[in-house]
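Have a look at the structure below, then the notes.
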Amino acid sequence: QVQLVESGGGWVQPGGSLRLSCAASTSIFSSSPMGWYRQAPGKQRLLVAIVTSTGSTDYDDSVKGRFTISRDNEKITVYLQMNDLKPEDPAVYFCNAQWWGTDFWGQGTQVTVSS
């Protein structure tokens with residue numbers, strides 16, 4: 001069974017940091033693009049960051065300079081380091097992996113930003 005399991009979400013004050021992790025249960029994603037999406041209540045799920053198997057990254061404009069995505073292909077894990085969190089960042093964050101045109105999703109991890 002293919003599984004993506006996120007962890008690291010929680011509550012943080014504005015300006016704080018969190019590190020999200022997403023561990024895959026299968027090696028098929030070792031050469032796949034992996035990324036993070038987020039979905040706030042009543043909003044669409046939007047791409048936050050993506051990293052390819054070669055380490056190339058792309059970010060949504062709203063998080064550039066604050067978030068960093070990385071991956072460990074041996075662990076088949078993708079990370080999202082979130083710094084300087086802002087009130088607009090709270091959402092459920094979902095891990096995503098793509099393999100042969102198919103999307104796989106984690107269960108989501110909640111990120112709350114409040115003072």
Side-chain donor or acceptor of Thr52 paired with backbone N/O of Pro33 under 3.5 Å: no
Ala91 versus Ala40, closest heavy-atom pair with distance: CB-N, 3.7 Å
N/O donor-acceptor pair under 3.5 Å between Gln98 side chain and Ser32 backbone: no
Any side-chain heavy-atom pair of Phe29 and Phe104 under 4.5 Å: yes
Trace of the side chain to side chain contact (heavy atoms under 4.5 Å, CB included) decision for Val5 with Ser25: CA-CA 8 Å; Val5 181; Ser25 63; over 6 Å; no
Distance (rounded to the nearest 0.5 Å) between Cys22 SG and Ile76 CD1: 11.0 Å
Heavy-atom closest pair, residues Ser53 and Ser30: CB-O, 4.1 Å
Cluster companions of Val92 among Ile, Leu, Val, Met, Phe, Trp, Tyr (side-chain spacing under 4.5 Å): Tyr37, Leu47, Ile50, Phe94, Trp105
ILVMFWY cluster, Val111 and Leu46 together (side-chain gap under 4.5 Å): no
Separation of Glu88 CD from Ser62 OG (nearest 0.5 Å): 7.5 Å
Beyond-backbone contact of Ser17 with Val12, side-chain heavy atoms, under 4.5 angstrom: no
Asp60 bridged to Arg38 by N-O distance under 4.0 Å: no
Atom pair CD (Gln81) and CD1 (Ile69), whose distance is rounded to the nearest 0.5 Å: 12.0 Å
Spatial distance of atom OG1 (Thr26) from atom CG (Leu4) [nearest 0.5 Å]: 9.5 Å
Donor-acceptor contact below 3.5 Å, side chain Tyr93 vs main chain Glu6: no
Contact summary for Lys75 and Thr77, nearest pair of heavy atoms: O-OG1, 3.0 Å
Shortest non-hydrogen contact between Gly10 and Leu18, atoms and distance: O-CD1, 3.9 Å
Spacing of CG belonging to Leu85 relative to CZ belonging to Arg66, to within rounding of 0.5 Å: 6.5 Å
Short N-O contact, Asp61 and Lys64, less than 4.0 angstrom: yes
Non-hydrogen side-chain atoms of Met82 and Val48 separated by less than 4.5 Å: no
Reported OG1-to-CZ distance for the pair Thr57 and Phe67, which is rounded to 0.5 angstrom: 14.0 Å
Single-linkage hydrophobic cluster Val63~Tyr79, side-chain heavy atoms < 4.5 angstrom: no
